[in-house]
Asks: 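Have a look at the structure that comes next, please.
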Amino acid sequence: RFRDHIQWARVKVADVNGPGGGADKRCVVQLRLRNLPDVVFAITQLDVRAAVDEAADRVARVLAQRVRRHQRGSAMAAIPA
């Protein structure tokens, strides 16, 4: 649904040491968007599946929000003053 807005995406999953010394899983997402600011964020969870699922949910929310704002801004710019 957002493919026209995404130039490229990078997803990295890694083991990291949590605050309690245990191994947590981190999912880092970087998106290069067309005509919009880049999106970069990291999600850390105990389980790799939880980290990736949360990252996917956040990608959908952030992209929807950015596209909505961009479309609203474009519509406002098209209205003559």
Asks: Nearest 0.5 angstrom please: I6 CD1 to L36 CG, how far?
Replies: 10.5 Å
Asks: Taking only residues two or more places apart in sequence or in another chain, which ones pass salt bridge (charged side-chain N to carboxylate O under 4.0 Å, His left out) with D47?
Replies: none
Asks: Please enumerate all residues that pass side chain to side chain donor-acceptor pair (under 3.5 Å) together with D15, with sequence neighbours excluded.
Replies: K25
Asks: With sequence neighbours excluded, tell me which residues meet side chain to side chain contact (heavy atoms under 4.5 Å, CB included) with R34.
Replies: Q7
Asks: Is there side-chain contact between V52 and V11, with at least one heavy-atom pair below 4.5 Å?
Replies: no
Asks: Distance from R66 atom CZ to D38 atom CG, nearest 0.5 Å?
Replies: 8.0 Å
Asks: What residues, two or more places apart in sequence or in another chain, satisfy salt bridge (charged side-chain N to carboxylate O under 4.0 Å, His left out) together with R58?
Replies: none
Asks: Between L63 and L33, is a side chain to side chain contact (heavy atoms under 4.5 Å, CB included) present by the stated rule, with each step listed?
Replies: CA-CA 9 Å; L63 281 175; L33 304 177; 3.6 Å; yes
Asks: Please identify each residue that fulfils side chain to side chain donor-acceptor pair (under 3.5 Å) with R26, with sequence neighbours left out.
Replies: T44
Asks: Which residues pass the salt bridge (charged side-chain N to carboxylate O under 4.0 Å, His left out) test with D4, sequence neighbours left out?
Replies: none
Asks: Give me the atom names and distance for the closest heavy-atom approach of I43 to A51.
Replies: CG2-O, 3.8 Å
Asks: The criterion is side chain to side chain donor-acceptor pair (under 3.5 Å); which residues satisfy it with E54, sequence neighbours excluded?
Replies: Q45
Asks: When clusters are formed by joining ILVMFWY residues with side-chain heavy atoms under 4.5 Å apart, either directly or through shared neighbours, do F41 and V67 land in the same one?
Replies: yes
Asks: Decide whether V28 and V48 are clustered together by the hydrophobic rule: side chain heavy atoms of Ile, Leu, Val, Met, Phe, Trp, Tyr closer than 4.5 Å, transitively.
Replies: no
Asks: State which residues pass side chain to side chain contact (heavy atoms under 4.5 Å, CB included) with R3; sequence neighbours excluded, sorted by chain then number.
Replies: none
Asks: Got a sec, which residues hit side chain to side chain contact (heavy atoms under 4.5 Å, CB included) with A60, two or more places apart in sequence or on another chain?
Replies: none
Asks: By side chain to side chain contact (heavy atoms under 4.5 Å, CB included), which residues pair with A14, not counting sequence neighbours?
Replies: none
